[in-house]
Amino acid sequence: MNYIIFDMEWNQPSDITAMVTEPLPVTGEIIEIGAVKLDDSFKIIGELRLYITPKYYTRMHKRIAALTGIRDKDLMTRGIPFPEAYEKFREFCGKEYGFMTWSMSDVPMLIDNMLLHGIDVSDLPVCYDIQRIFGREIMRSDTRYALDSALAILNEKGDTAHDALNDSRNTAIICSHLDLDEYLEEYGAQVFAGQPLRQVYSDHREALNDPALAEVTCPWCGGRLDMEPWIRGERCYMSCGTCPEEDEFLIQLAMTRLPSNTYRARRLMYEMSDDLWDIYMDRKEPLGV
Ligand SMILES: [Zn+2]
């Protein structure tokens, strides 16, 4: 089993009116993937950097260009189309692998870009959020630390930030300070994605009340999940669902505002881990529901 630490940079529409909304709302188009591969004893055994020629947002957003140093010219000369890049990334990952990322924002962005290019999303791996492990196990806190703050806390220098490969290397440095053998079981969750949801809502409330959004099928037994009411999480809504065979899942519902000032929903599903259960209960308990 390999562990793939990866980070991505993505381009954005110049403003919301320029957002591409079909076949799904494109909040970000991946332009760089950086990855570090660890073997099952967490030793670094490979590195990868890919630039991707954008198809939807072909001009770099000024802010992103300034942040990442990636210019239009770089993508034109060094980039390859996303489907080809994804193929190379998968080859790099190997047969059996899990994803490790700093925060949980890269995995949904990768899934969105796969869907955008019609790539199969039925076989996604187990994911580990290293930022969460660092916060909980080293800092004993729910605070989400920036990667450079975490490096500073550990007295590590690291490589220049906002570069997908450097950020992956930096996350690998943090990993070398963590007793991963001890933590992985508690924090690992397989992720599941369906096809994009097409319904448009006038506001969040209308979406949360739509029974269709709470119709979720267990990826393992095919049974319908018994869902709890949506509650507000960190930048998304959450629910816990239990299948007829008693398997539990955390369902995340994110709402994307469209140029027409309406919303589309995106649903992702995670196998329930001890840590996701803690995240869910920390939000649910104060509500008394
Ligand atoms: Zn099931």
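When a ligand or atom number is given, it counts from 1 through the structure's own listing order. Below, all heavy atoms of this structure are taken into account, side chains as well, without hydrogens, waters or symmetry copies.
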A.B. asks: Between Y128 and Y183, does the ring centroid distance fall short of 6.0 Å?
C.D. replies: no
A.B. asks: Check M272, M269, E228 against I251 for a side-chain contact (heavy atoms from CB on, under 4.5 Å) and give me the one that passes.
C.D. replies: M269
A.B. asks: Suppose the cut-off is 2.8 Å; which protein N/O/S atoms would you list for the Zn ion (ligand 1)?
C.D. replies: C218 SG, C221 SG, C243 SG
A.B. asks: So which heavy atom on A214 is nearest to which on M227, and how close?
C.D. replies: O-CG, 3.4 Å
A.B. asks: Which pair of non-hydrogen atoms, one from P196 and one from L24, has the smallest distance, and what is that distance?
C.D. replies: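 Looking at all heavy atoms of both residues, the shortest contact is CB-CB, 4.0 Å.
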A.B. asks: Would a line drawn from the ring center of W220 to the ring center of F192 be shorter than 6.0 Å?
C.D. replies: yes
A.B. asks: Taking the six-membered ring for Trp, is the centroid-to-centroid distance between F134 and H177 below 6.0 Å?
C.D. replies: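 Here the rings of H177 and F134 have centres that are no less than 6.0 Å from each other.
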